[in-house]
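Everything below concerns the one structure shown next.
Numbers restart at 1 for each chain; the letters A, B, ... are given by sequence-line order, proteins then strands.
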Amino acid sequence: MAKPSIPQGTRDFSATVVNKRNYILSTIKSVFELYGFEPLETPAMENLETLMGKYGEEGDKLIFKILNNGINNPKNIEKSTLGFEKALIGKSSIELTERALKYDLTIPFARYVAMNQGKLTFPFRRYQIQPVWRADRPQKGRYREFTQCDADIVGSTALLNEVELANIYHQVFMQLGLSGYTLKINSRKILSALAQLCGGAEKMMDITIAIDKLDKIGLDKVKEELTERNLSPEQISIIEKYLLIAGTNEEKLAQIKSLVGNLAIGKEGIGEVEFLFQQTSNVNLAIDFTLARGLNYYTGIIFEAKAPAEVQMGSIGGGGRYDDLTSLFDVPDIAGVGISFGVDRIYDVMEELQLFPNDIEKGSKAIFFNMGEAESLFAFSVMQQLRAKGVSCEMFHEFSKIAKQFSYAEKKNIEYAIIIGSKEIEDKQCLVKNLSSGVQEVVTLENLATFFNK
RNA sequence: GUAGUCGUAGCUCAGUUGGUUAGAGCAUCAGAUUGUGAUUCUGAGGGUCGGGGGUUCGAGCCCCCUCGAUUACCCCA
């Protein structure tokens, strides 16, 4: 047997990690519920067909595909061979894979809505907290299995939904102590207007991919990339003007109006951003017209949450409006908008900034030391009575040196040690020692539960 | 998919131009100590030096391949 290992980009979570993750997850969950979202869970795997083509060409490559069972069955050999031939030239083949691990929570949600449109009451608000998988090369803040926390509203076009979602971001990050976060917003409609000015809608992808990198590679490199993507110098100079928009949120709005405000779609997008900006004065909002977001199903407002500047980490959340997502499943006219939190990255950021509260890790409240065979049997029944009163406790079942029992308790962050030896059994009492302060007191067995529940 | 860096004990690492039987600290276990966490002392276990091949009288060290970790690019949470 080889050394035990786990797949690249996956992790085991120890008790302390689970406790810290749960702290984040329960914070997010409670805010979602506060805003009236109901839970949903979907399977780890979806039909490949459901996922393919929804995340762009790059996205398709990153979908984990599940090999069909029975491809070596004699009656399937012909089909399987055909499948391999397709796979070898880079095509996806249902002869080999019919299922895949989900890549995000939004598309499975859209599938769910399309399947259950008759049963759902619209507008439908759901939240979903589940792992997703991407066949990406792992690196800092990037894993192959990670957890997303999504909240979406479908069946409503009102911009107040976006306002609520922005407030959810704010409330969650504030509760977690990430007050230095920024919520970047833009509208795909503004990007679309820019594309119109520069050679038409089919240039949209090229333009957005390039300008999205502005703060990473700088203006000159973006222009180089645009040239590579066959944009003409005139078009690039328009984009340059667009990229040079700067200043406060108000100033940016004023500048964008003169650039794309006379196009219908541009005007619409600006109106959305302006509305959101006006209605969310308490949120750390930053209008950023270079924000694009890779997923190509977004159609309106888009969000991206950035970690506090002192931490080098990409986005810790994102989302936006998708006006015809369910039409991918032949169900038109269900508008939606949603956001997502990247728990794993939020975890890394909070760890780096030391934002986790100290009392997050707690083991049992008390441990009964083992003072001998007869004594431990007696102590066992005392322990069971204590548990019945709701006190979390455990016992050291091996008769070991006291020092060892102490060091066990210390490592497990147990608050109290309870010592019951022959003398204590006789006197119907026990010694309770606070392990952090070292203070020890005698408590009668009768009063033990009261001692802990006071 | 592309590129850089790194793999020596459970952990952190040292290991000289290639040279005897690969070391240290911490941790673990046992004893000094049969009911109170410390300190100190004594002792023990633990390694096919990531794996395979090559060069050499001789490889932890040099060369090739490979696997893993990590970081960056592409893309993204």
Strictly by Watson-Crick or wobble contacts shorter than 3.5 Å, is anything paired with [N], and which nucleotide is it?
N	result
B/U12	B/A24
B/G19	B/C57
B/A30	B/U42
B/C73	B/G1

I'd like to know if [X] and [Y] make a salt bridge, using a cut-off of under 4.0 Å between side-chain N and carboxylate O.
X	Y	result
A/Glu46	A/Arg99	no
A/Glu352	A/Lys140	yes
A/Arg126	A/Asp152	yes
A/Arg321	A/Asp323	yes
A/Lys20	A/Glu351	yes

Can you measure [X] atom [atom1] to [N] atom [atom2] for me and round it to whole angstrom units?
X	N	atom1	atom2	result
A/Lys221	B/C73	NZ	P	12 Å
A/Ile217	B/C73	CD1	C1'	11 Å
A/Ile302	B/C76	CD1	C1'	14 Å
A/Leu62	B/C73	CG	P	15 Å
A/Glu57	B/C75	CD	C1'	12 Å
A/Ile402	B/A38	CD1	P	12 Å
A/Glu225	B/C73	CD	P	13 Å
A/Lys404	B/U36	NZ	P	18 Å

With rounding to whole Å, what would you report as the distance between [N] and [M] at their [atom1] atoms?
N	M	atom1	result
B/G58	B/G68	P	32 Å
B/G19	B/G15	P	13 Å
B/C26	B/C67	P	39 Å
B/U5	B/G46	C1'	30 Å
B/C61	B/U56	C1'	13 Å
B/G31	B/A38	P	15 Å
B/G23	B/C49	P	14 Å
B/U48	B/A32	P	33 Å

Could you check whether [X] gets within reach of a base, just the sugar-phosphate, or nothing at all, counting any heavy atom under 4.0 Å?
X	value
A/Gly56	nothing
A/Leu431	base
A/Glu58	sugar-phosphate
A/Ser400	nothing
A/Gly318	nothing
A/Asn434	base

**Message:** Between B/G37 and A/Gln440, counting only base atoms on the nucleotide and side-chain atoms on the residue, is there a donor-acceptor pair under 3.5 Å?
**Reply:**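 It does not, because no donor-acceptor pair links the side chain of A/Gln440 to the base of B/G37 below 3.5 Å.
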**Request:** Mark yes or no for a side-chain to base donor-acceptor pair under 3.5 Å between A/Lys433 and B/G37, with no hydrogen or angle criteria applied.
**Result:**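 Side chain to base: pair present.
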With a cut-off of less than 4.0 Å, is there a side-chain N or O of [X] near OP1 or OP2 of [N]?
X	N	answer
A/Lys213	B/C74	yes
A/Gln8	B/G68	no
A/Lys61	B/C74	no

**Message:** Are A/Phe368 and A/Phe380, when compared by the centres of their aromatic rings, separated by less than 6.0 Å?
**Reply:**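 Distance test on ring centres: not under 6.0 Å, no.
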**Message:** Are A/Tyr408 and A/Phe396 an aromatic pair, judged by ring center distance below 6.0 Å?
**Reply:**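 So the answer is yes for these two rings.
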From the options [options], select the nucleotide whose nearest atom is closest to the side chain of [X].
X	options	answer
A/Ala403	B/C75, B/G35, B/A38	B/A38
A/Arg134	B/A69, B/C76, B/G35	B/C76
A/Glu424	B/G37, B/G35, B/A69	B/G35

**Prompt:** What residue pairs, at least two apart or across chains, pass side chain to side chain donor-acceptor pair (under 3.5 Å) with a residue in residues 26-39 of chain A?
**Reply:**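 Qualifying pairs, neighbours excluded: A/Glu33-A/Tyr127, A/Tyr35-A/Gln171.
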**Message:** Does anything in residues 136-146 of chain A come within less than 4.0 Å of RNA chain B? Heavy atoms only, and list the residues if so.
**Reply:**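 Here the set is A/Asp136, A/Arg137, A/Gln139, A/Lys140, A/Gly141, A/Arg142, A/Tyr143, A/Phe146.
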**Prompt:** Between the side chains of A/Ser400 and A/Gln405, is a donor N or O closer than 3.5 angstrom to an acceptor N or O?
**Reply:**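 The criterion, which ignores hydrogens and geometry beyond distance, is not satisfied for A/Gln405 and A/Ser400.
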**Message:** A cation-pi test, strictly: NZ or CZ of A/Arg11 under 6.0 Å from the centre of the six-membered ring of A/Tyr143 and no more than 45 degrees from its axis. Yes or no?
**Reply:**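 Cation-pi check for A/Arg11 and A/Tyr143: passes.
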**Request:** For A/Gln312 and for A/Asp344, find the nucleotide of RNA chain B with the closest heavy atom, then tell me which residue's nucleotide is more 5'.
**Result:**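 It is A/Gln312 whose nearest nucleotide is closer to the 5' end.
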**Asked** RNA chain B: A/Gln148 or A/Lys401, which has the more 5' nearest nucleotide?
**Response**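 Whichever sits nearer the 5' end wins; that is A/Lys401.
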